[in-house]
Amino acid sequence: MSSILSRISTLLNSTKTILHLHQLHARIIQNGLEQHNLIINLFISRCTKLDAHPNHTTTHYALSIFNLVFHPNAHLWNSILKANISSLPITISLFNRFKLSKTTPDDYTFSSLIKCCSIHNGVWEGRLIHGLVVRNGVLGFVFVGTSLVDFYGKVGEVESARKVFDEMPERNVVSWTAMVVGYLSLGDLRSAQVVFDEMPWRDCAAPAWNAMVDGYVKWGDLESARKVFDEMPERNVVSFTCLIDGYAKAGDMESARELFDRAPARDVVAWSALISGYVQNGNANRAVEMFVEMCNENVKPDEFAMVNLMTACSQIGSSDLGLWVDSYVTRNSIDLSRPHIAAALIDMNAKCGNMDRATCLFEEMPKRDLVLYCSMIQGLSIHGCAVQAVRLFSRMLEEGLVPDKVAFTVLLTACSRAGLVEEGMQYLCSMKNDYGLVPSPDHYACIVHLLGRAGHLEAAYDLIESMPVEPHASAWGALLGACRLHWNIKFGEMVAGKLFQLEPRNPSNYVLLSNIYANANRWTDVLELRNRMREGCVRKIPGQSRI
DNA sequence: ATAGGGTTAG
């Protein structure tokens with residue numbers, strides 16, 4: 001008997017696939033061990049380890065086998081709770097069954113339960129379990145106390161976290177770190193720093209140091225982040241990544257790059273911090289180069305890195321590069337069913353001019369959400385298929401999706417590109433009346449552009465004057481562009497006058513008006529404008545014209 | 001005799 005037991009447990013340890021699990025399950029039944037707590041426990045633990053990634057088939061499998069055990073012991077109950085930590089309701093109902101059984105929950109039980117509440121933001125459940133922890137006399141266990149500190153920190157009740165922390169009879173590095181992280185997540189940097197400074201064994205608490213660096217970065221205090229970083233006794237990849245990310249977000253790519261070169265190791269996350277920095281700071285070409293370099297150093301890109309690459313390509317807009325990235329994504333079995341990845345891929349194909357591919361991807365999605373629709377509508381509108389874009393918006397409404405501000409910006413831009421005056425005005429009304437959205441200056445600028453291009457300069461002017469929001473320079477700018485389009489001197493002068501007040505240093509406004517004058521052969525006026533431009537140190541930067 | 005736990009970058 002004991003030999004079969006040790007054979008099965010050895011086999012379990014080397015189990016890699018679901019097929020192996022099924023074979024072992026058969027063997028367990030053959031030997032009449034379905035009621036054997038230890039074997040079933042090992043089996044369930046193995047299921048949990050194989051279920052690190054989505055589709056919870058092995059978790060369901062584990063649960064079905066657990067349900068056949070008549071008298072599970074506390075170990076087995078704890079294992080099945082841990083296996084189902086990704087679902088709060090299942091965990092709670094299992095725990096209720098556990099309480100009704102003859103066995104009693106222990107410290108292991110409660111730390112799993114609290115962790116589950118903390119993952120799922122179960123504030124109410126967590127408080128309830130805190131009460132049970134006290135009643136069951138397990139509050140003194142370090143793991144239980146630490147889980148509670150972590151839980152209260154995550155749900156934003158840092159005072160409760162502090163209370164548990166202060167009352168803990170025994171604390172270790174992890175407890176202290178959880179307390180620091182709790183303060184940091186609420187932005188209470190001072191309290192975090194105080195706890196961090198009092199922390200014993202601080203030199204061997206890398207996670208706490210990294211959390212401090214990350215916290216200062218997240219709350220915008222790059223200097224303090226740097227200070228903590230420089231004081232660290234030992235820095236690992238994470239430490240470097242936190243700070244690289246901070247510099248990248250602040251637009252200081254030189255410092256980011258310098259740190260990156262100094263990092264002891266470079267994993268995908270470190271590379272991504274730098275690459276996304278280049279993307280966000282408008283240096284898409286550099287981002288693509290870095291991506292290639294990363295691949296050459298045998299660092300395998302994950303989904304996050306791929307989204308960065310696709311965003312960079314969208315900015316560059318090269319059709320060839322877009323096709324290459326598309327085939328790269330497909331070859332490397334990146335999960336296209338995840339909406340944000342599919343959205344990035346569709347957006348990239350659309351911006352790179354590969355509309356057929358974009359349409360194909362869009363139609364083949366099992367489900368289309370708002371973001372996906374917006375990418376597609378924008379793609380069509382960029383490529384002069386604005387009528388189709390507007391039609392797609394209607395289809396989106398038919399599917400029951402509710403448009404937001406971004407959706408309307410995309411839609412109104414499409415209308416203005418296609419010269420759909422009536423539709424545009426209707427959608428602006430619908431936005432206010434049907435969806436309760438307040439049009440932003442950008443939305444108004446779209447409509448002004450639309451009216452202006454169609455030659456309704458007066459209507460556009462009236463719209464700007466009647467805007468409930470502060471008229472943004474972009475609305476006036478759109479109108480001035482329209483005045484140039486129709487060579488209208490009267491409106492042009494009036495609008496330009498407003499713009500010279502709003503943004504006296506923007507050269508395109510001067511250039512537009514001077515074009516209008518030139519067209520009417522009013523060369524004295526052109527000359528006078530040139531002088532005004534020079535006096536105000538306004539210089540036209542080549543390629544920055546607004547039209 | 002035997003099994004299981006809390007913190008950590010994008």
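Throughout, protein chains are lettered first and strands after them, A, B, ... in sequence-line order, and every chain is numbered starting at 1.
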Checklist entry - Base, sugar-phosphate alone, or nothing: which one does A/Val173 contact when heavy atoms must sit under 4.0 Å apart? => result nothing
Checklist entry - Applying salt bridge (Lys or Arg N to Asp or Glu O under 4.0 Å), which residue pairs with at least one partner in residues 95-119 of chain A are found, sequence neighbours left out? => result none
Checklist entry - Could you state the CZ-P distance from A/Phe165 to B/dG6, rounded to the nearest angstrom? => result 19 Å
Next on the checklist: Is it the case that B/dG6 (base atoms only) and A/Thr146 (side chain only) share a donor and an acceptor within less than 3.5 Å, ignoring hydrogens and angles?
Outcome noted: yes
Next on the checklist: Per the ring-ring contact (aromatic ring centres under 6.0 Å, His included) rule, what does the pair list look like for residues 140-161 of chain A, sequence neighbours excluded?
Outcome noted: A/His130-A/Tyr152
Item to check | Integer-rounded Å distance: B/dT2 C1' and A/Leu76 CG | outcome: 14 Å
Next on the checklist: Taking the basic N atoms (NZ, or NE/NH1/NH2) and the acidic carboxylate oxygens, is any pair closer than 4.0 Å for A/Arg226 and A/Glu223?
Outcome noted: no
Next on the checklist: A/Phe229: which residues meet the ring-ring contact (aromatic ring centres under 6.0 Å, His included) condition with it, sequence neighbours left out?
Outcome noted: A/Phe240
Checklist entry - Just how far, in rounded Å, is P of B/dA3 from CG of A/Asn37? => result 14 Å
Pairs under 3.5 angstrom, nitrogen or oxygen only, protein versus nucleotides 8-10 of chain B, please.
| from | atom 1 | to | atom 2 | distance (Å) |
| --- | --- | --- | --- | --- |
| B/dA9 | N1 | A/Asp267 | OD2 | 3.1 |
| B/dG10 | OP1 | A/Lys218 | NZ | 2.6 |
| B/dG10 | N1 | A/Asp302 | OD2 | 3.0 |
| B/dG10 | N2 | A/Ser272 | OG | 3.3 |
| B/dG10 | N2 | A/Asp302 | OD1 | 3.0 |
| B/dG10 | N2 | A/Asp302 | OD2 | 2.9 |

Item to check | Sequence-distant partners of A/Ser440, side-chain hydrogen bond (donor to acceptor under 3.5 Å, both in side chains), two or more places apart | outcome: A/His443
Checklist outcome for this item: Whole-Å distance, A/His130 NE2 to B/dG6 P, equals 19 Å
Checklist entry - Tell me: NE2 of A/His75 to C1' of B/dA3, nearest whole Å? => result 6 Å
Checklist entry - salt bridge (Lys or Arg N to Asp or Glu O under 4.0 Å): which pairs involve residues 265-284 of chain A, sequence neighbours left out? => result A/Asp261-A/Arg266, A/Arg266-A/Glu297
Item to check | Atom pair distance, as rounded to whole Å: CD1 in A/Ile40 and P in B/dA3 | outcome: 17 Å
Next on the checklist: Under 4.0 Å, heavy atom to any atom of DNA chain B: which of residues 102-120 of chain A qualify?
Outcome noted: A/Asp106, A/Asp107, A/Tyr108, A/Ser111, A/Lys115
Next on the checklist: Applying side-chain hydrogen bond (donor to acceptor under 3.5 Å, both in side chains), can you list everything that pairs with A/Thr330, at least two apart in sequence or on another chain?
Outcome noted: A/Asp326
Item to check | Sequence neighbours excluded, every pair satisfying salt bridge (Lys or Arg N to Asp or Glu O under 4.0 Å) that has a member inside residues 174-200 of chain A | outcome: A/Asp197-A/Arg202
Item to check | Atom-to-atom span, CG of A/Asn73 to P of B/dT2 - whole angstrom | outcome: 15 Å
Next on the checklist: Below 30° counts as parallel, above 60° as perpendicular, anything between as tilted: where do the rings of A/Trp324 and A/Tyr328 land?
Outcome noted: tilted
Checklist outcome for this item: Separation of B/dA3 atom P from A/Arg46 atom CZ, nearest Å, is 15 Å
